[in-house]
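Counting begins at 1 with the first residue of the sequence. Since this is a predicted model, take the numbers as computed values, not measurements.
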Amino acid sequence: MAQPGGGRAVSVSDVQQLVRKKDEIEAQIKAYYEVLEDQKGVGMNEPLVDVEGFPRADIDLYQVRTARHNIICLQNDHKALMKQVEEALHQLHAREKEKQAKDEAEALAEARSQEQGLPRAFARVNEVTSGSPASLSGLQVDDEIVEFGSVNAHNFQNLQNIATVVQHSEGKPLSVTVIRSGKKVHVGLTPKRWAGKGLLG
């Protein structure tokens with residue numbers, strides 16, 4: 001397994017493995033402390049000689065020394081391991097944060113490019129009479145018109161432009177492009193006489 005800070009990115013399973021190792025070391029330390037407990041409760045610092053300076057006869061000196069030595073080694077390992085766990089967790093969090101920031105940036109860029117991808121509207125539909133050619137074509141109130149036949153944002157001067165196109169296109173289908181809820185929608189509109197006023201309604 002690559003060490004945290006090594007060449008390869010830390011994964012969640014790496015951290016789990018480190019935590020398992022830590023639990024094992026803690027269990028071993030506990031076991032050695034129990035050995036010391038069994039030896040008349042000598043801890044890590046009790047003297048191993050009697051008052052006259054002779055080795056104590058009431059305990060297994062070899063076992064106590066070994067247990068103490070192992071506890072010290074294991075505690076050092078434990079400390080190093082905890083540092084690794086901490087580093088690994090930092091890396092994971094940093095990576096998660098990075099990913100989140102990247103996702104947000106991508107979403108923002110996508111939204112921007114969609115906005116940029118939409119042509120500029122030059123008029124907005126504020127009324128559609130039911131049963132009229134406009135209503136039959138599927139035009140809706142609040143549709144923003146970006147193209148009406150040959151008229152677009154670049155050559156539009158006033159509504160008279162649209163009226164002219166409509167008069168010239170009576171009975172002929174016109175291609176109309178609108179922006180509806182942030183999306184481009186194409187509508188086929190045929191100006192014609194109907195019960196109401198005008199050729200569109």
Side-chain angles (χ1 to χ4, degrees), residues 1-121 124 138 140-144 146 153 177-186:
M1 182 186 82
Q3 297 302 330
R8 155 177 104 67
V10 179
S11 70
V12 175
S13 68
D14 290 342
V15 176
Q16 288 169 337
Q17 214 168 325
L18 287 172
V19 170
R20 271 200 297 277
K21 231 172 169 178
K22 172 190 82 78
D23 292 344
E24 281 165 25
I25 290 177
E26 285 170 359
Q28 287 174 317
I29 292 174
K30 188 167 174 279
Y32 283 120
Y33 268 117
E34 281 166 6
V35 169
L36 294 180
E37 199 53 50
D38 290 345
Q39 297 293 325
K40 308 265 188 249
V42 289
M44 290 297 286
N45 306 310
E46 306 288 317
L48 301 182
V49 291
D50 59 23
V51 279
E52 291 161 15
F54 290 107
R56 282 172 62 174
D58 60 336
I59 55 174
D60 183 335
L61 286 179
Y62 175 73
Q63 216 176 10
V64 170
R65 280 210 181 99
T66 305
R68 282 181 176 181
H69 170 77
N70 288 342
I71 285 172
I72 289 165
C73 290
L74 285 165
Q75 280 174 336
N76 288 337
D77 290 350
H78 187 264
K79 206 192 245 166
L81 198 63
M82 287 310 286
K83 198 162 178 281
Q84 277 186 312
V85 169
E86 200 179 323
E87 274 177 28
L89 286 172
H90 274 308
Q91 275 195 40
L92 274 181
H93 287 306
R95 237 198 5 255
E96 199 47 51
K97 247 185 176 157
E98 219 172 86
K99 185 179 173 298
Q100 203 176 349
K102 198 167 150 235
D103 288 350
E104 279 172 17
E106 276 173 11
L108 201 66
E110 197 177 317
R112 279 217 185 102
S113 75
Q114 273 185 354
E115 275 169 28
Q116 286 163 356
L118 292 174
R120 207 153 50 87
R124 179 192 291 259
Q140 293 177 11
V141 172
D142 283 339
D143 278 351
E144 296 180 303
V146 289
T177 306
V178 299
I179 294 172
R180 184 180 298 160
S181 323
K183 291 193 177 64
K184 246 165 67 162
V185 180
H186 294 286

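The side-chain contact (heavy atoms from CB on, under 4.5 Å) with V185 is formed by just one residue from the set D143, V146, V178; it is V178.
The CD1 atom of I25 sits 13.0 Å away from the NZ atom of K79 when rounded to the nearest 0.5 Å. Annotation: the span from H69 atom NE2 to Y32 atom OH amounts to 9.5 Å, rounded to 0.5 Å. The structure places CD of E87 at 8.5 Å from NE2 of H90, a figure rounded to the nearest 0.5 Å. With rounding to the nearest 0.5 angstrom, the CD1 atom of I72 is 4.0 Å from the CE atom of M44. Taken to the nearest 0.5 Å, the OG1 atom of T66 stands 11.5 Å off from the CZ atom of R68. The NE2 atom of H78 sits 8.0 Å away from the CG atom of D23 when rounded to the nearest 0.5 Å.
Under 4.0 Å is where a charged nitrogen must lie from a carboxylate oxygen, and between K30 and E26 no such pair does. Here E24 does not pair with R20 in a salt bridge; the nearest charged N to carboxylate O distance is not below 4.0 Å.
Screening residues 38-51 for side-chain hydrogen bond (donor to acceptor under 3.5 Å, both in side chains), with sequence neighbours left out, gives Q39-Q63.
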> Does the salt bridge (Lys or Arg N to Asp or Glu O under 4.0 Å) test come out yes or no for E98 and K102, once each step is laid out?
Replying inline: CA-CA 6 Å; E98 219 172 86; K102 198 167 150 235; over 6 Å; no
>> Assess the residue pair H186 and T177 against the criterion (side chain to side chain contact (heavy atoms under 4.5 Å, CB included)); give the C-alpha distance rounded to whole Å, side-chain angles, the decisive distance to 0.1 Å, and a yes or no.
In response: CA-CA 5 Å; H186 294 286; T177 306; 3.1 Å; yes
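Within 6.0 Å of CD on Q100 lie no more than 12 heavy atoms contributed by other residues, nucleotides or ligands.
Using a 4.5 Å cut-off on side-chain heavy atoms (C-beta onward), E86 and M82 make no contact.
Of the possible donor and acceptor atoms, none in the side chain of N70 sits under 3.5 Å from a partner among the backbone N and O of A67.
When every heavy atom of V10 is checked against every heavy atom of L92, the shortest pair comes out as O-CD2, 3.4 Å. Smallest separation of non-hydrogen atoms from P55 and L61: CB-CD1, 3.2 Å.
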